[in-house]
Amino acid sequence: MGVERVQDIASATSEDTIPVEFIRSENEQPGITTVPGTVLECPTIDFSDPDEEKLLKQIFEASTDWGMYQIVNHDISNEAIAKLQAVGKDFFELPQEEKEVYAKDPNSKSVEGYGTFLQKELEGKKGWVDHLFHKIWPPSAINYCFWPKNPASYREANEEYAKNLHKVVEKLFKLLSLGLGLEAQELKKAVGGDDLVYLLKINYYPPCPRPDLALGVVAHTDMSALTILVPNDVQGLQACRDGQWYDVKYIPNALVIHIGDQMEVMSNGMYKAVLHRTTVSKDKTRISWPVFLEPPPDHIIGPHPKLVNDKENPPKYKTKKYSEYVYNKLNKMPQ
């Protein structure tokens with residue numbers, strides 16, 4: 001008998017109860033901690049705006065103040081997004097034994113594969129979510145044994161989406177770089193250049209009888225430099241603003257951008273990694289597709305040398321290999 005999957009637990013749970021390991025402490029329960037009736041309108045940025053100065057300013061302000069924004073008119077077609085979403089949903093609707101073929105090796109250091117648990121959680125608590133991880137770029141980093149063969153169009157849809165993402169990624173890094181007074185290519189170079197890894201995760205949150213008590217994914221900041229996410233239309237993303245939790249407004253076909261830990265480190269704290277979490281729904285399945293833009297494991301990351309000096313702006317973060325950062329974060333060790 002393998003690991004128990006949340007999807008199975010959800011199918012077996014009919015009444016108004018959920019297993020105790022999914023019940024959050026009171027300071028985390030969304031029923032208690034969400035500010036009711038207020039949807040947070042984090043900045044929405046028109047990525048096709050011909051006024052680059054304006055775009056630069058919007059991205060800079062959103063990245064320093066919010067750490068999260070949504071971009072529209074980003075040139076990835078609605079069709080390419082719909083295909084990515086359709087094949088991901090189809091995979092999770094396969095019979096359980098077909099999904100287990102892609103289960104991650106418990107002894108592997110890699111996160112790739114189908115699974116349920118990701119990091120150590122206090123008191124053995126669990127998130128109401130199953131997931132699938134695999135890299136979609138660069139080609140040298142891809143391991144196709146973690147790419148579902150069913151549905152048949154899975155690979156094509158993911159390759160198409162990865163290809164479309166490149167332009168968005170290039171432009172984002174350029175604008176974020178210029179915003180800090182660096183040259184256009186400097187941040188991308190600092191995070192690994194052409195070896196930058198695009199790690200796709202599909203989060204699958206089945207319906208939950210007690211959405212007031214459970215969380216899909218607990219409060220966290222992303223380890224990546226940047227995260228580019230598309231959700232389905234079921235509300236669930238929440239951001240922490242001034243110590244309060246709010247639902248984030250859903251905008252169809254927008255890309256949700258999260259500033260991640262490595263971007264905060266490289267900018268020496270100018271850009272803020274966003275603290276966010278996911279709630280679940282009583283009667284609908286929520287699915288999201290974040291792509292984490294990460295340095296290669298052996299790449300060394302620290303505050304950008306041009307942004308620090310001993311007197312006015314000393315480095316606020318240590319410089320280390322990305323793999324070491326990930327290990328410390330997943331094991332709740334100090335950085």
Side-chain angles (χ1 to χ4, degrees), residues 1-34 36 82 84-106 111-134 146-148 150-151 154 200-220 229-238 245 247-248 250 256 276-290:
M1 180 63 201
V3 181
E4 194 170 21
R5 304 298 180 193
V6 175
Q7 212 171 340
D8 288 339
I9 295 168
S11 332
T13 312
S14 51
E15 64 279 17
D16 232 12
T17 57
I18 54 174
V20 65
E21 63 270 27
F22 292 99
I23 299 176
R24 293 282 148 193
S25 61
E26 289 198 352
N27 61 349
E28 282 188 298
Q29 287 175 17
I32 299 174
T33 56
T34 302
L84 174 83
Q85 292 178 315
V87 296
K89 178 172 183 280
D90 286 351
F91 169 73
F92 277 93
E93 288 172 356
L94 292 174
Q96 197 55 37
E97 57 275 17
E98 275 195 64
K99 289 184 293 232
E100 295 295 347
V101 171
Y102 302 97
K104 62 180 73 167
D105 175 356
V111 297
E112 287 191 279
Y114 171 69
T116 298
F117 310 110
L118 193 56
Q119 56 179 350
K120 279 193 177 168
E121 268 220 59
L122 299 170
E123 297 137 23
K125 292 284 177 204
K126 295 175 181 174
W128 194 264
V129 62
D130 294 324
H131 60 249
L132 175 70
F133 271 107
H134 60 75
F146 294 116
W147 289 45
N150 189 0
Y154 188 91
L200 172 77
K201 182 186 188 196
I202 307 178
N203 287 306
Y204 188 91
Y205 309 94
C208 176
R210 293 300 304 269
D212 55 322
L213 300 179
L215 284 172
V217 175
V218 297
H220 67 288
L229 175 143
V230 290
N232 71 350
D233 59 357
V234 178
Q235 184 68 49
L237 183 60
Q238 292 194 331
W245 286 101
D247 289 327
V248 174
Y250 166 71
V256 182
H276 58 287
R277 71 181 186 187
T278 313
T279 59
V280 290
S281 161
K282 192 170 174 75
D283 39 26
K284 294 192 175 112
T285 295
R286 182 171 191 270
I287 314 178
S288 68
W289 290 258

*Output yes when a side-chain donor or acceptor of Q29 lies under 3.5 Å from a complementary backbone atom of R24, and no otherwise.*
yes

_Shortest non-hydrogen contact from L237 toward Q235_ = O-NE2, 3.7 Å

_Nearest heavy-atom neighbours spanning W245 and A219_ = CZ2-CB, 3.6 Å

*Under 3.5 Å donor-acceptor, D130 side chain and Q7 backbone*: yes

*Is there a side-chain contact between T285 and P207 (heavy atoms, below 4.5 Å)?*
yes

*Looking only at heavy atoms, which two atoms of P151 and D90 are closest? And how far apart?*
CG-CB, 3.7 Å

*Verify, without hydrogens or angle tests, whether N232 (side chain) and I287 (backbone) share a donor-acceptor contact under 3.5 angstrom.*
yes

*Below 4.5 Å, heavy atoms only, C-beta onward: do R210 and T17 meet side chain to side chain?*
no

*Determine whether T278 and S288 make a side-chain contact, defined as any pair of heavy atoms from C-beta on separated by less than 4.5 Å.*
no

*asked:* For the backbone of P290 and the side chain of K201, can you confirm whether one donor and one acceptor N or O come within less than 3.5 Å of each other?
replied: no

*Would you find a donor on one side and an acceptor on the other, under 3.5 Å apart, between the side chain of E112 and the backbone of F146?*
no

*On the 0 to 90° scale, with breaks at 30° and 60°, tag the Y114-F92 ring pair as parallel, tilted or perpendicular.*
tilted

*Value rounded to 0.5 Å, distance of OG1 in T34 from CZ in R277*: 4.5 Å

*With the side chain counted from C-beta on, respond yes when Q238 and H276 share a heavy-atom pair under 4.5 Å apart, and no when they do not.*
no

_Side-chain (K282) to main-chain (P211) donor-acceptor, under 3.5 angstrom_ = no

*For N150 against E98, the heavy-atom pair lying closest together*: ND2-OE1, 3.2 Å

*asked:* For the CG atom of L132 and the CH2 atom of W147, what is their distance to the nearest 0.5 Å?
replied: 10.5 Å

_Is it the case that the side chain of R286 and the backbone of D233 share a donor-acceptor pair, with hydrogens and angles ignored and the cut-off at 3.5 Å?_
no

*Locate the shortest heavy-atom distance separating T33 from E28; write the atom from each residue and the value.*
OG1-O, 3.6 Å

*How many angstroms lie between OH in Y204 and CZ in R5, if you round to the nearest 0.5 Å?*
14.0 Å

_Non-hydrogen side-chain atoms of V230 and L84 separated by less than 4.5 Å_ = yes

*Considering non-hydrogen atoms only, spot the tightest contact between N203 and H131 and give its length.*
OD1-CB, 4.2 Å

*Distance in Å, T279 OG1 paired with Y205 OH, rounded so as to fall on 0.5 Å steps*: 9.0 Å

*Given side-chain contact (heavy atoms from CB on, under 4.5 Å), test L200 with W289 step by step and report yes or no.*
CA-CA 7 Å; L200 172 77; W289 290 258; 4.2 Å; yes

*Donor-acceptor contact below 3.5 Å, side chain Q85 vs main chain P231*: yes

*Kindly compute the distance separating OG1 (T116) from CH2 (W128), expressed to the nearest 0.5 Å.*
11.5 Å

*When rounded to the nearest 0.5 angstrom, what is the spacing between CD1 in I202 and CZ in F133?*
11.0 Å

